[in-house]
Structures are given as C-alpha cells and as structure tokens.
Asks: 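Pasting in a structure now, in structure tokens, and then I'll have a few things to ask.
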Amino acid sequence: MSQTSTTKEPKPVSLRPRPGETELTWREWLMLGGIVLFGLIFCAIAGRSIINGFAASFPTPTATAPIVRPTVTLIPTPTSAPTFTPTPNIPVSITVNLYVVVVNGVNFRNDANTGAQIIRTLADGEVLQVTGGPTSASGLNWWKLKDQNGTEGWAVQDYLKPTAPPQ
C-alpha cells in the first residue's frame with residue numbers, strides 16, 4: 001500500500017514587493033503624518049521642560065555694587081646704556097704668531113711633508129697658534145703650529161683659516 005503525502009510546500013518568501021505594493025494608501029499617509037506631527041510636538045514640549053529645568057538650577061544674577069579697581073602708574077626706572085664688546089680683528093692671511101682654525105680636519109705631522117709621521121688628526125674647529133712657516137713641500141704650503149697642549153707640528157695651509165685667539 002502506498003501512502004501519498006498531501007502536505008503543501010511552503011511558498012518562498014519574496015523580499016521584493018510586487019509592483020504596486022510599495023504605494024501607501026491615503027489612510028496610511030494620514031496615519032504616518034499624524035505620527036510624525038505627534039513626535040515633533042512631543043519633542044518640542046520635552047525639550048522646553050529640560051531647558052527650563054536647567055535654567056532654574058542657576059541663580060539669577062543680582063545687581064551688586066561695581067568693583068572699583070585702583071589704577072597703577074608705572075614709574076620708569078633708569079637703565080644703563082648697553083655695553084658693547086668689541087669683536088676681535090680676524091686677520092686676512094696666515095702669519096707667524098697668529099692663530100688658525102682647522103677646516104675639514106687635517107693631519108698634524110712631525111715635518112712639512114706628506115710622507116712625514118702623523119702626530120694626530122686635527123679636528124674641525126680646533127684652534128692652534130702659528131709658530132713657523134710657510135714652507136713648500138710635496139706641492140703644498142705648510143705651517144708650523146702649536147696646539148693647546150704645547151705640541152708642535154706641521155699642517156697643510158688648505159685646511160687652515162685665520163681666526164681670533166682663543167678666549
């Protein structure tokens with residue numbers, strides 16, 4: 001014996017409305033308009049009561065006597081004229097008994113020659129006293145210099161610039 005099923009298949013749910021189903025009737029428009037109008041009136045009344053509640057919590061300003069502030073007259077104090085410190089005269093060229101500053105670093109050597117032993121490398125900005133020179137060797141002009149420690153040596157003129165004595 002065979003049994004047949006008489007259950008109905010469920011209809012598929014359509015998320016898209018059929019043509020003409022999206023239009024509201026005049027009654028639905030009237031109801032929607034009433035709801036919107038009611039909401040606006042409710043919000044206006046509630047907003048007004050909130051504002052009045054805040055206003056009541058602040059005290060009302062009362063008239064008070066004006067504040068009298070004393071006036072202050074400033075009396076200028078005498079100032080002394082500025083004192084100017086003279087700028088040292090920086091020589092134009094390197095000469096004996098003047099000072100030089102090292103530019104771009106240079107080797108400090110025992111003799112005026114590129115093959116001479118290096119005592120140390122002089123750093124940029126180092127100030128030395130000129131004690132002798134100039135001497136030409138290896139196609140370069142050399143000056144005999146004395147550093148702050150009293151060590152004497154030779155350096156190439158191209159890396160030296162005249163300067164004021166150290167302070």
Side-chain angles (χ1 to χ4, degrees), residues 1-94 98-108 118-130 140 143 145-149 151 153 155-167:
M1 192 165 161
S2 89
Q3 285 186 327
T4 58
S5 161
T6 58
T7 57
K8 289 186 177 181
E9 293 286 327
K11 286 187 176 184
V13 176
S14 174
L15 297 177
R16 288 195 215 158
R18 291 188 190 125
E21 287 185 358
T22 57
E23 297 174 12
L24 299 177
T25 64
W26 68 272
R27 288 184 184 119
E28 292 169 331
W29 277 112
L30 185 63
M31 186 183 295
L32 183 63
I35 292 170
V36 170
L37 184 63
F38 176 76
L40 288 173
I41 293 170
F42 179 77
C43 287
I45 293 171
R48 175 67 80 183
S49 68
I50 290 171
I51 291 172
N52 289 340
F54 277 130
S57 65
F58 293 108
T60 323
T62 57
T64 58
I67 298 172
V68 178
R69 294 191 173 105
T71 57
V72 178
T73 306
L74 299 175
I75 301 171
T77 56
T79 58
S80 61
T83 57
F84 297 103
T85 54
T87 55
N89 292 333
I90 297 175
V92 181
S93 61
I94 300 173
L98 293 181
Y99 290 85
V100 291
V101 64
V102 177
V103 184
N104 295 330
V106 65
N107 288 328
F108 196 41
I118 299 173
I119 299 170
R120 67 183 174 96
T121 301
L122 300 173
D124 289 352
E126 192 169 342
V127 178
L128 299 106
Q129 184 178 14
V130 180
L140 300 167
W143 290 93
L145 308 172
K146 181 167 59 170
D147 67 6
Q148 301 293 328
N149 299 327
T151 305
V156 177
Q157 177 176 326
D158 297 344
Y159 298 96
L160 306 173
K161 184 173 108 176
T163 189
Q167 298 296 332

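Keep in mind the model is a prediction, meaning the values are calculated, not measured.
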Asks: Minimum heavy-atom separation for Pro166 to Val127, with atom names?
Replies: CD-CG1, 3.9 Å

Asks: Between Ile119 and Gly153, which heavy-atom pair has the shortest distance, and what is it?
Replies: CD1-CA, 4.0 Å

Asks: Kindly determine whether Val72 and Leu74 satisfy side chain to side chain contact (heavy atoms under 4.5 Å, CB included), including the steps that lead there.
Replies: CA-CA 6 Å; Val72 178; Leu74 299 175; 4.3 Å; yes

Asks: Test side chain to side chain contact (heavy atoms under 4.5 Å, CB included) on Arg48 and Asn52; report intermediate values, then the result.
Replies: CA-CA 6 Å; Arg48 175 67 80 183; Asn52 289 340; 3.8 Å; yes

Asks: Using 0.5 Å steps for rounding, measure from the CD atom of Gln129 to the CG atom of Leu98.
Replies: 8.5 Å

Asks: As an exercise, state the distance from CZ of Arg120 to CG of Leu122, rounded to the nearest 0.5 Å.
Replies: 5.0 Å

Asks: Please evaluate residues Leu160 and Val103 with respect to the criterion side chain to side chain contact (heavy atoms under 4.5 Å, CB included), reporting the C-alpha separation (whole Å), side-chain torsions for both, the decisive distance (0.1 Å), and the verdict.
Replies: CA-CA 6 Å; Leu160 306 173; Val103 184; over 6 Å; no

Asks: Just verifying a value: how many Å separate Met31 CE and Trp26 CH2, rounded to the nearest 0.5 Å?
Replies: 10.5 Å

Asks: If every non-hydrogen atom of Asp147 is compared with every non-hydrogen atom of Phe108, which pair is closest and at what distance?
Replies: OD2-CE2, 4.3 Å

Asks: Hey, does the side chain of Asp124 reach the backbone of Gly105 with a donor-acceptor pair shorter than 3.5 angstrom?
Replies: yes

Asks: Between Ser93 and Pro162, which heavy-atom pair has the shortest distance, and what is it?
Replies: C-CG, 3.8 Å

Asks: Taking atom CG of Leu32 and atom CG of Leu37, what is their separation to the nearest 0.5 Å?
Replies: 11.5 Å

Asks: For Ile94 and Trp143, work out which heavy atoms get closest and say how close.
Replies: O-CH2, 3.3 Å

Asks: Would you name the heavy atoms of Leu145 and Val100 that are closest together and state the gap between them?
Replies: CD2-CG2, 3.8 Å

